[in-house]
Protein chains: 2
Amino acid sequence: MSANKFPVESLRDRKRRQTRERIIETAFALFMERGFDVVTVDEIAQRAEIGRTTFFRYFGDKQEVVFSTEDDFLRALTAAMRDAPTEPLQDLAQALATSRRLLLAICTEAARNPGHYAVYHRLVKQHPELEDRHTRKTRHYADLLEKHLIDHGTPPATAVLAAQLTVACYQAAWRLGSHDATAVLREANDAFDLLLGATAA
Amino acid sequence: MSANKFPVESLRDRKRRQTRERIIETAFALFMERGFDVVTVDEIAQRAEIGRTTFFRYFGDKQEVVFSTEDDFLRALTAAMRDAPTEPLQDLAQALATSRRLLLAICTEAARNPGHYAVYHRLVKQHPELEDRHTRKTRHYADLLEKHLIDHGTPPATAVLAAQLTVACYQAAWRLGSHDATAVLREANDAFDLLLGATAA
DNA sequence: GTTCCAAGTGGTACTCAGTACCGTAACATG
DNA sequence: CATGTTACGGTACTGAGTACCACTTGGAAC
């Protein structure tokens with residue numbers, strides 16, 4: 001019973017989730033209000049009514065709070081990978097078609113709560129260190145993408161390039177789509193069209 | 001006389017250059033020997049026979065030492081931009097051709113001292129925070145590239161994408177070319193061939 | 001319920017990066 | 001040689017992140 005696959009959320013788990021959410025809310029509010037670097041962890045902890053130590057138990061560092069939704073994206077990506085048709089992927093065009101679908105799965109997930117995305121976008125764009133971290137996350141997706149392609153028969157060099165080109169389309173969309181998740185989604189699509197349009201021509 | 005366009009390097013200037021180089025050498029040696037994060041600024045300063053304060057006068061932060069050759073790359077890029085033929089750049093293929101030439105200019109500059117590049121490469125690959133910073137630099141090049149394209153008549157959306165695709169080729173090369181500057185140069189070329197080959201097919 | 005264990009919490013104390021400030025030494029200029 | 005400017009090193013501070021410890025709380029079993 002208790003060893004169920006979907007165990008009932010225990011009191012402990014619920015409390016943990018609540019504190020986690022309280023930290024995120026508090027931190028985002030403070031960051032938006034006064035800027036990322038001037039807000040101290042002490043301050044977040046106080047307002048969230050936890051100890052400083054506890055903050056670092058929930059998040060590895062101050063930056064990590066900003067990227068708290070990353071797990072959802074990862075879940076969306078792996079789900080999309082699981083559901084992806086296992087067609088052979090030899091050349092770049094085929095690899096790109098698959099990559100495109102996977103990228104759109106992530107963007108769609110991001111578009112599920114546009115409010116949060118808008119705030120995230122603004123925050124990251126204003127702070128180089130946060131943008132550094134953002135691209136680290138992107139790099140991680142690229143790695144997963146690359147692995148997926150290779151596992152499905154794409155030659156390594158092609159897979160690496162396809163993954164990076166996909167990142168390029170996303171980055172272009174990120175630059176062009178201002179604060180708006182669905183706009184980013186649309187721009188990413190356009191970027192792929194432009195890229196593949198060159199292919200067709 | 002002293003207000004010459006190429007003023008004779010004064011004693012001060014020479015000393016400054018020397019300490020700067022001493023810091024870089026010391027820091028790289030220590031980083032390679034024991035790893036970036038465990039080496040403290042205090043230690044670098046002591047071994048380089050300067051005060052801790054002085055270190056931060058030469059470099060904004062600990063990471064910045066690692067990227068001390070960045071200026072050379074920037075010079076190479078802007079020089080290449082200056083010398084680039086001012087042909088019209090309307091479509092993506094044209095924009096990519098130009099971007100490719102500019103990227104190769106940077107890689108060529110990097111290949112001018114392969115020893116340093118190898119060390120740099122290893123250091124950055126082993127430390128996520130350094131790789132974050134490395135991509136920040138790359139992002140900066142992308143911005144300059146994008147601006148150059150737009151200034152020469154490329155439509156914004158195309159320019160943004162072209163710049164990002166160029167970054168993609170570089171990143172792919174960076175992943176594939178292990179520790180070797182000329183290998184990275186070659187891989188970047190191959191990536192472009194693959195990308196444009198898809199275009200031609 | 002009582003007991004017991006595991007997990008979560010908050011405090012203290014520490015290291016290190018980075019900043020501000022200040023007095024002093026070294027170079028440049030006349 | 002006298003003067004102003006620039007570089008230097010030291011002190012003292014803030015804030016991030018870590019290690020450790022004593023305490024509390026939730027879960028489970030008897």
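Throughout, a chain's letter reflects where its sequence line sits, starting with A, and its residues are numbered from 1.
- Of the residues in residues 37-45 of chain A, not one places a heavy atom less than 4.0 Å from an atom of DNA chain C.
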Can I get a per-line list of side-chain donor-acceptor pairs under 3.5 Å for residues 115-124 of chain B, giving both atom names and the distance, sequence neighbours left out?
from, atom 1, to, atom 2, distance (Å)
B:Tyr120, OH, B:His134, ND1, 2.8
B:His121, NE2, B:Trp174, O, 3.3
B:His121, NE2, B:Gly177, O, 3.4

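- The stretch residues 124-132 of chain B has no heavy atom under 4.0 Å from DNA chain C, so no residue of it qualifies as close.
- The NZ atom of A:Lys62 sits 14 Å away from the P atom of C:dG18 (whole-angstrom rounding).
- Across the protein-nucleic acid pair, B:Asp13 atom CG and C:dC27 atom P stand 12 Å apart, rounded to whole Å.
- Counting to the nearest Å, the C1' atom of D:dC13 and the CZ atom of B:Phe56 are 14 Å from each other.
- B:Ser10 has a side-chain polar atom (N or O) that falls below the 4.0 Å cut-off from OP1 or OP2 of C:dA28.
- Relative to the ring axis of A:Phe192, A:Arg101 does not place its NZ or CZ within 45° and under 6.0 Å from the centre.
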**Footprint string (nucleotides 4-13 of chain C, 5' to 3'): B base within contact, S backbone only, - free, heavy atoms under 4.0 Å** = --BBSBBBB-
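- Between the C1' atom of D:dG15 and the CZ atom of A:Phe55 lies a distance of 13 Å, rounded to the nearest Å.
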Report all interatomic pairs (protein N or O, nucleotide N or O of nucleotides 1-3 of chain D) with separations under 3.5 Å.
none

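- Considering only residues two or more places apart in sequence or on other chains, B:Arg14 meets the side-chain contact (heavy atoms from CB on, under 4.5 Å) condition with B:Glu9, B:Leu11, B:Arg17, B:Gln18.
- In this structure, the CG atom of B:Asp61 is 22 Å from the P atom of D:dT14, given to the nearest Å.
- Contact check on A:Asp42 versus A:Arg47 returns no salt bridge, with no Lys/Arg side-chain nitrogen under 4.0 Å from an Asp/Glu carboxylate oxygen.
- Rounded to whole angstrom, the span from the CG atom of A:Leu11 across to the P atom of D:dT24 amounts to 18 Å.
- Judged purely by distance below 3.5 Å, without hydrogens or angles, the side chains of A:Thr69 and A:Asp72 never pair a donor atom with an acceptor atom.
- The stretch residues 154-165 of chain A participates, sequence neighbours left out, in no salt bridge (charged side-chain N to carboxylate O under 4.0 Å, His left out) pair at all.
- Annotation: cation-pi pair B:Arg175/B:Tyr170 absent, no NZ/CZ under 6.0 Å from the ring centroid and within 45° of its normal.
- At whole-Å resolution of the value, CD in A:Gln18 and P in D:dG26 are 12 Å apart.
- As rounded to whole Å, 11 Å separates atom P of C:dC16 from atom CZ of B:Arg34.
- Side-chain contact, A:Tyr141 with A:Glu70: a donor N or O sits under 3.5 Å from an acceptor N or O.
- Remark: B:Ser68 engages no residue in a side-chain hydrogen bond (donor to acceptor under 3.5 Å, both in side chains) (not counting sequence neighbours).
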Can you give me every donor-acceptor pair (side chain of residues 149-164 of chain A, partner residue at least two apart or in another chain, under 3.5 Å) with its distance?
from, atom 1, to, atom 2, distance (Å)
A:Asp151, OD2, A:Lys147, NZ, 3.0
A:His152, ND1, A:His148, O, 2.8
A:Thr154, OG1, A:Leu89, O, 2.8
A:Thr154, OG1, A:Leu149, O, 3.1

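- Residue pairs meeting the ring-ring contact (aromatic ring centres under 6.0 Å, His included) criterion with at least one partner in residues 76-100 of chain B, sequence neighbours excluded, are absent.
- In summary, B:Glu64 and B:Arg133 engage in a salt bridge, as defined by a charged side-chain N under 4.0 Å from a carboxylate O.
- The ring-ring contact (aromatic ring centres under 6.0 Å, His included) check on A:Phe31 picks up A:Phe36, with sequence neighbours excluded.
- A salt bridge (charged side-chain N to carboxylate O under 4.0 Å, His left out) check over residues 180-189 of chain A, counting only residues at least two apart or in different chains, returns nothing.
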